[in-house]
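Here the structure is a predicted model, which means the values were calculated and not measured. Counting from 1, the numbers follow the sequence of the chain as shown. We count ligands from 1, going down the list as the structure has it; atoms in each ligand are counted the same way.
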Amino acid sequence: MSPHLFSTLSMKGITLRNRIGVSPMCQYSAEDGTPNDWHLVHLGSRAVGGAGLVIAEATAVEARGRISPEDLGIYKEEHIPPFRRITDFIRKQGAVPGIQLAHAGRKASTYSPWKQKVSGIAVSDEDGGWEVVGPSSTPFSEDHRTPRELSSGEIAEIQEAFRLATARAREAGFEWMELHGAHGYLAHSFYSPLSNQRTDRYGGNFENRIRFLVETARLMRKEWPEELPFTVRLSCSDWVKGGWTLEDSVDLAKRLKEEGVDLIDCSSGGNTLKAPIPVGAGYQVPFAETIRCSAGIATAAVGLITQGMQADEIIRNGRADLVLLAREMLRDPYWPLRASRQVHQEAALPVPPQYERGWN
Ligand SMILES: Cc1cc2nc3c(=O)[nH]c(=O)nc-3n(C[C@H](O)[C@H](O)[C@H](O)COP(=O)(O)O)c2cc1C
């Protein structure tokens, strides 16, 4: 029988209790990268709500790689114990704890959406903003800092930071790794022709532009236990002429598969403000479907998946192996429990005993 939304998903040594994951979502609630009670409750309640996988937000591998000053980080040993508290709780609720490791590159050092001034605007020096770096010195927008072009030695240092962060994430008890290669952040800004004007071995043709991501994935894969899933989020299209395309993503996915990547999380956009993105229900699902078929690798679908039947259809028709939900999970942490009732699979997802009286 072909799998459905409430089938388990076994990948390497772990099994998700269903095909529903919480997509990584920045909470802008950390101090010096350190997770706190907010992160425990936010991620923990979504594990209580029945998700099979709970992925912690973009977590910076070095302080300079944070999108905002309030982002999570895993750039020092002190970060490990508070993450461990969260992963222990998530696991006790029957979900698998995942983490997204990230470097924001030229989109770093911006104000959080509600904390300071305006979202996406560069943090001033007086407010503690910092120098940002990228493949080239082209800013993301006129509101962002102008990045300093990385030397090849500095590229190697950032890749080493990814490796060290991977080791810390394992020590913190995470069992699912996602390398953030999407949304205009560092890795995406290397592989997209829109933001990479380098003339060395990290820029120019396709092979050179993907080098940063492929090398980083290789280093991380070696560090991350073979028996645990290692995944990469891609922006599968820049949605503009002259930008990165779905065909490029298929080729990159094949390369990443060779490096031991187990799944591609198929997102899009984020590297230019000029993209006319046709946002609508399930608008990125075709990316997950095409990469799954054409690159022969497992995929996650994400983007405006909000209904149980809709999510179930994606899995039943083999369009993706996993669905990730972001905003709908903010509206309803118990979405998986409700969806199990919508698709008549209530037996597959028991209500936590503490909440049974309210549900029956
Ligand atoms: C508050 C918020 C924070 C987000 N933070 C991240 C993040 O840390 N990493 C990431 O890859 N995507 C992030 N995203 C994008 C989501 O993971 C997801 O890909 C996107 O919202 C589309 O899914 P949805 O339609 O279910 O919300 C964020 C989205 C929201 C709403």
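- Shown in contact with Gln100 at under 4.0 Å from a heavy atom are these atoms of ligand 1, numbered in order with element: 7 (C), 8 (O), 9 (N), 10 (C), 11 (O).
- Shortest contact from atom 14 (N) of ligand 1 to any protein heavy atom: Pro24 O, 3.5 Å.
- Heavy-atom neighbours of Glu356 CD from other residues, nucleotides or ligands within 6.0 Å: above the threshold of 12.
- Contacts between Glu328 and ligand 1, counted as non-hydrogen atom pairs separated by less than 4.0 Å, are absent for every part of the residue.
- A salt bridge between Glu175 and Lys12 is absent, with no side-chain N of the basic residue lying under 4.0 Å from a carboxylate O of the acidic one.
- Checking only distances, Leu304 does come within under 3.5 Å of ligand 1, N or O to N or O.
- Of the N or O atoms in Arg327, one or more lie within a sub-3.5 Å distance of an N or O in ligand 1.
- Every ring-ring contact (aromatic ring centres under 6.0 Å, His included) that Phe212 has, sequence neighbours left out, goes to Phe190.
- The contact set between ligand 1 and Ser23, taken as ligand atoms under 4.0 Å from a residue heavy atom, comprises 16 (C), 17 (O), 18 (C), 19 (O).
- Checking each of Leu5, Leu53, Thr299 against Leu322 for a side chain to side chain contact (heavy atoms under 4.5 Å, CB included) leaves exactly one that passes, namely Leu53.
- In terms of N/O distances under 3.5 Å, ligand 1 is approached by Cys26.
- Close contacts of ligand 1 with His183, meaning ligand atoms under 4.0 Å from a residue heavy atom, involve 10 (C), 11 (O), 12 (N).
- Under a 4.0 angstrom heavy-atom cut-off, Ala182 registers as lying outside contact with ligand 1.
- Considering Ala58, Ala102, Gly270 only, the shortest heavy-atom separation from atom 8 (O) of ligand 1 involves Ala58.
- Each of the atoms 18 (C), 19 (O), 23 (O) of ligand 1 lies under 4.0 Å from some heavy atom of Val302.
- Of all the heavy atoms in Glu223 and Arg163, the pair that sits closest is OE1-NH1, 2.7 Å.
- Counting only heavy atoms of the protein, atom 21 (O) of ligand 1 lies nearest to Ala326 CB, 3.5 Å.
- Between Arg19 and the choices Ile315, Ile314, Asp312, the side chain to side chain contact (heavy atoms under 4.5 Å, CB included) rule is met once, by Ile315.
- Under the 30°/60° scheme for interplanar angles, the aromatic rings of Phe83 and His79 are found to stand perpendicular.
- For ligand 1, the atoms sitting less than 4.0 Å from at least one non-hydrogen atom of Gly303 are 22 (C), 23 (O), 25 (O), numbered in the order shown with element in parentheses.
- Tyr191 meets the ring-ring contact (aromatic ring centres under 6.0 Å, His included) test with His188, Trp244; sequence neighbours excluded.
- When the side chains of ILVMFWY residues are joined at heavy-atom separations under 4.5 Å, either directly or via intervening members, Trp130 and Ile158 end up in two distinct hydrophobic clusters.
- Summary of contacts: the protein heavy atom closest to atom 10 (C) of ligand 1 is Arg233 NH1, 3.3 Å.
- Between Arg198 and Ser152, the side chains place no donor N or O within less than 3.5 Å of an acceptor N or O (distance only, hydrogens not considered).
- Only side-chain heavy atoms of His180 come within less than 4.0 Å of ligand 1; its backbone N, CA, C and O stay farther off.
- Nearest protein neighbour of atom 30 (C) of ligand 1, counting heavy atoms only, is Met25 CG, 3.8 Å.
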